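Structure first, then comments.
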Amino acid sequence: MALATQHKLPAVYFVRTFVLAGGLASHGPDIIDQYQRAAGYIDRILRGEKPADLPVQAPTKYELVVNLKTAKALGLDIPTTVLARADEVIE
């Protein structure tokens, strides 16, 4: 992230943590949702199901986070359609 900032390059990350630290945007799985789904698996295992019998699950919920302060510093105008679709906009 420091390299992208140093060279004034827009970068999109896979988790919101980078955006909270000053990155431009992130698009990736909702980590909280992943933990909640994992808790369901743990419950099923504790109730006697074999882990090998449980299906592998892909993320079902994704989030888009945009940092407008970083966009302004890079001289970028984020379209309102993107901001409207974002789950969170940091100002």
Side-chain angles (χ1 to χ4, degrees):
M1 189 169 80
L3 186 62
T5 303
Q6 177 184 354
H7 294 285
K8 296 191 179 208
L9 297 171
V12 177
Y13 300 95
F14 65 100
V15 290
R16 64 183 291 119
T17 308
F18 290 101
V19 180
L20 296 174
L24 177 62
S26 70
H27 184 259
D30 183 342
I31 301 300
I32 301 299
D33 183 59
Q34 292 292 95
Y35 286 137
Q36 290 171 341
R37 293 176 69 205
Y41 264 38
I42 292 169
D43 180 58
R44 290 171 67 179
I45 292 168
L46 292 176
R47 292 178 188 270
E49 288 190 52
K50 294 180 183 178
D53 294 339
L54 298 175
V56 175
Q57 293 184 353
T60 58
K61 186 176 178 186
Y62 291 84
E63 65 179 354
L64 172 64
V65 181
V66 178
N67 188 329
L68 286 180
K69 183 179 177 183
T70 301
K72 185 176 181 180
L74 294 172
L76 299 173
D77 291 325
I78 306 296
T80 56
T81 54
V82 172
L83 296 176
R85 296 184 116 198
D87 296 296
E88 183 178 354
V89 177
I90 300 169
E91 296 188 37

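Computed from a predicted model, the values in this text were never measured in an experiment.
Remark: Asp43 engages Arg47 in a salt bridge (charged side-chain N to carboxylate O under 4.0 Å, His left out) (not counting sequence neighbours). Residues meeting the salt bridge (charged side-chain N to carboxylate O under 4.0 Å, His left out) test with Arg44, sequence neighbours left out: Glu49. For Lys72, there are no salt bridge (charged side-chain N to carboxylate O under 4.0 Å, His left out) partners, not counting sequence neighbours.
Across every non-hydrogen atom of Pro10 and Leu76, the tightest pair is CB-CD1, 3.9 Å. Looking at every heavy atom in both residues, Gly22 comes nearest to Thr70 through O-OG1, 2.7 Å. Of all non-hydrogen atoms in Ser26 and Arg16, the two that sit nearest each other are OG-CA, 3.5 Å.
For the pair Asp87 (side chain) and Leu64 (backbone), a donor-acceptor distance under 3.5 Å is present. Distance alone, capped at 3.5 Å, is enough to place a donor-acceptor pair between the Arg37 side chain and the Ala58 backbone. Within the 3.5 Å criterion, the main-chain N or O of Val19 finds a donor-acceptor partner in the side chain of Asn67.
Once rounded to the nearest 0.5 Å, the distance linking CD of Gln36 with CG of Asp30 reads 8.0 Å. To the nearest 0.5 angstrom, Lys69 atom NZ is 12.0 Å from Glu91 atom CD. Expressed to the nearest 0.5 Å, how far CZ of Phe18 lies from CG of Leu24 amounts to 14.0 Å.
Following chains of ILVMFWY side-chain contacts shorter than 4.5 Å, one can reach Phe14 starting from Tyr35, so the two form part of one hydrophobic cluster. Residue Val65 is grouped with residue Leu20 when hydrophobic side chains (ILVMFWY) are merged at heavy-atom distances under 4.5 angstrom, including chains of intermediate members. Taking hydrophobic clusters as Ile, Leu, Val, Met, Phe, Trp and Tyr residues chained together by side-chain heavy-atom distances below 4.5 Å, Val82 shares a cluster with Val89.
Considering Ile32, Ile31, Asp33 in turn, Asp33 is the only one that fulfils the side chain to side chain contact (heavy atoms under 4.5 Å, CB included) rule with Lys61.
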